[in-house]
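Following: one structure in structure tokens, then a few remarks.
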Amino acid sequence: MPHADSSFLPSSVKTKSDFWEHVYVQLQSLLTSQRNWVSNCANASSLIYSSLLAFMPYFGSDEKAVNWCGFYVDSSLFPSPSLSSVRPPKATTNEGRLLLGPFCGRPACQFINTALGKARGVCADAYVQGKTVLVPEVDTYPGHIACDGDTKSEIVCPLLYEGRSIGVLDLDCLALNGFDEDDKAGLERVAKLVVDSSDW
């Protein structure tokens with residue numbers, strides 16, 4: 001089967017539970033021969049995003065669409081540059097930050113502060129607390145960082161490796177109350193699969 005076919009939804013997928021089970025099985029297949037976290041996060045964000053666009057009963061491509069799906073990863077896990085057009089490479093301090101990883105959607109914030117006293121927003125809270133944060137209405141969330149003004153709701157799952165947060169899986173939706181407990185359960189399972197299937 002061509003890799004792109006993994007995002008096609010069979011007509012048997014009717015409920016959110018069916019949907020997330022389908023995504024999980026397809027992602028499992030995509031990740032079996034690769035352990036690089038960058039490649040795996042890229043395929044995971046593409047699969048989730050494309051599948052949600054095709055899932056008309058709950059999301060689709062209209063006013064209920066998921067408009068962003070992607071990863072922010074602890075800066076310490078990014079590889080050091082091997083090549084650079086700047087000589088010598090500019091020294092940067094990324095400690096206490098999540099850096100933008102693979103995603104689908106419009107351009108996003110380059111980093112999220114997670115340092116004590118600087119952490120704010122849904123992604124930082126999910127990362128620091130090590131718990132999924134489900135936000136029915138982003139405009140009412142304290143410290144919300146608006147990467148896209150069209151976003152109305154959000155869900156962020158931490159990526160947990162041996163009990164510690166190493167990043168987050170973030171989804172934004174154009175509709176209020178875009179995500180629910182079924183999405184939370186499905187995404188947490190997907191996030192665990194990505195972590196367990198990758199070398200960080």
Side-chain angles (χ1 to χ4, degrees), residues 1-32 34 37-73 100-109 112 122-123 126 132-139 141 144-159 167-195 197-198:
M1 172 176 83
H3 289 86
D5 288 356
S6 63
S7 66
F8 296 145
L9 285 181
S11 58
S12 59
V13 174
K14 304 284 187 201
T15 68
K16 284 190 174 184
S17 295
D18 294 340
F19 174 83
W20 289 113
E21 178 61 26
H22 174 76
V23 168
Y24 184 90
V25 169
Q26 296 305 311
L27 186 57
Q28 214 172 18
S29 176
L30 283 173
L31 303 185
T32 49
Q34 177 59 258
W37 72 262
V38 176
S39 299
N40 286 346
C41 288
N43 263 337
S45 58
S46 177
L47 174 66
I48 296 165
Y49 186 77
S50 300
S51 298
L52 285 165
L53 287 176
F55 193 35
M56 297 309 286
Y58 295 97
F59 295 102
S61 58
D62 57 11
E63 68 275 354
K64 298 182 293 183
V66 168
N67 57 321
W68 202 88
C69 173
F71 294 85
Y72 282 93
V73 178
L100 179 63
F103 71 93
C104 290
R106 292 179 178 174
C109 303
I112 304 288
V122 186
C123 288
T132 299
V133 179
L134 183 59
V135 184
E137 185 176 353
V138 295
D139 290 337
Y141 192 86
H144 176 254
I145 300 168
C147 292
D148 183 343
D150 291 338
T151 295
K152 299 289 184 265
S153 58
E154 185 172 8
I155 186 169
V156 182
C157 296
L159 303 177
V168 296
L169 169 56
D170 179 18
L171 277 75
D172 296 349
C173 184
L174 295 176
L176 293 170
N177 300 297
F179 305 103
D180 61 22
E181 291 297 321
D182 288 334
D183 300 307
K184 179 177 180 283
L187 281 168
E188 286 176 344
R189 199 166 165 235
V190 165
K192 183 175 183 344
L193 175 62
V194 171
V195 170
S197 301
S198 304

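Reckoned from all heavy atoms, side chains included, excluding hydrogens, waters and symmetry mates.
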Can Lys184 and Glu188 be counted as an ion pair, charged N to O under 4.0 angstrom? yes

One pair to check against side chain to side chain contact (heavy atoms under 4.5 Å, CB included): Leu187 and Thr132. What are the steps and the verdict? CA-CA 9 Å; Leu187 281 168; Thr132 299; over 6 Å; no

Working to the nearest 0.5 Å, report the span between SG of Cys173 and CD1 of Ile155. 11.0 Å

Check whether any side-chain heavy atom of Val156 sits under 4.5 Å from a side-chain heavy atom of Cys123, and report yes or no. yes

Under the ring pair (Phe, Tyr, Trp, His ring centres under 6.0 Å) definition, can you give me all pairs with a residue in residues 6-29, not counting sequence neighbours? Phe19-Phe55

Which pair of non-hydrogen atoms, one from Gly178 and one from Asp183, has the smallest distance, and what is that distance? O-OD2, 4.0 Å

How far does CD of Gln26 sit from CG of Leu47, to the nearest 0.5 angstrom? 7.0 Å

Could you check whether any side-chain heavy atom of Val194 comes within less than 4.5 Å of a side-chain heavy atom of Leu27, counting everything from C-beta outward? yes

Do the non-hydrogen side-chain atoms of Asn177 and Pro136 ever get within less than 4.5 Å of each other? yes

Of all the heavy-atom pairs spanning Ala191 and Leu159, show the shortest one and how long it is. CB-CD2, 3.9 Å

Between OH of Tyr72 and CZ of Phe103, what distance do you get to the nearest 0.5 Å? 7.5 Å

State whether a side-chain donor-acceptor pair under 3.5 Å links Asn40 with Ser197. no

Roughly how far, to the nearest 0.5 Å, is CG of Leu134 from CG of Asp180? 7.5 Å

Measuring only between side-chain heavy atoms, which start at C-beta, is Trp37 closer than 4.5 Å to Pro102? yes

Nearest heavy-atom contact between Ser45 and Cys69 is CB-O, 3.6 Å

Partner of Trp68 under side-chain contact (heavy atoms from CB on, under 4.5 Å), chosen from Leu174, Asp150, Asp170, Leu171: Asp170

In terms of relative ring orientation, are Phe59 and Phe179 parallel, tilted or perpendicular, with 30° and 60° separating the classes? tilted

Kindly give the heavy-atom pair with the smallest separation between Pro158 and Ala126, and that separation in Å. CB-O, 3.7 Å

Scanning both residues in full, the closest heavy-atom pair of Met56 with Lys64 reads O-NZ, 3.8 Å

Give the minimum heavy-atom separation between Ser17 and Asp182, together with the two atoms involved. OG-OD1, 4.3 Å

Compare all side-chain heavy atoms of Ile48 with those of Leu169 and state whether any distance is below 4.5 angstrom. yes

Sidechain-backbone polar pair: Ser61 side chain, Leu53 backbone, donor-acceptor under 3.5 Å: no

